[in-house]
Amino acid sequence: MMSLGVFCVVAGVSMAVGARWSVRYRAILETFGGSLFLAGLGLAAADLALVS
């Protein structure tokens with residue numbers, strides 16, 4: 001689950017950074033990027049909570 005969380009964080013950050021260059025799809029990319037980032041943080045935190 002940690003690897004999925006890291007993947008979501010990286011994908012979310014990449015989409016949010018990519019939104020700077022895409023004026024037409026900026027709102028969509030920022031929304032999806034932020035959602036993926038938060039989902040990744042939640043998955044990583046859940047994995048750490050289950051391990052400890």
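Basis for what follows: all heavy atoms, side chains included, without hydrogens, waters or symmetry-related copies.
- Residues Ala19 and Leu29 share a closest heavy-atom pair of CB-CB, 3.7 Å.
- Criterion: ILVMFWY side-chain heavy atoms under 4.5 Å apart, direct or through other members. Under it, Phe7 and Leu38 are not part of a common hydrophobic cluster.
- Under the side-chain contact (heavy atoms from CB on, under 4.5 Å) rule, Met1 has a single partner from Val6, Leu50, Leu48, which is Leu50.
- Atom CE of residue Met15 and atom SG of residue Cys8 lie 11.0 Å apart, to the nearest 0.5 angstrom.
- In this view, Ser14 and Val10 satisfy the side chain to side chain contact (heavy atoms under 4.5 Å, CB included) rule, not counting sequence neighbours.
- From Arg26, atom CZ reaches atom CH2 of Trp21 across 10.0 Å, with rounding to the nearest 0.5 Å.
- Note that CG of Leu36 is 11.0 Å distant from CG of Leu41, once rounded to the nearest 0.5 Å.
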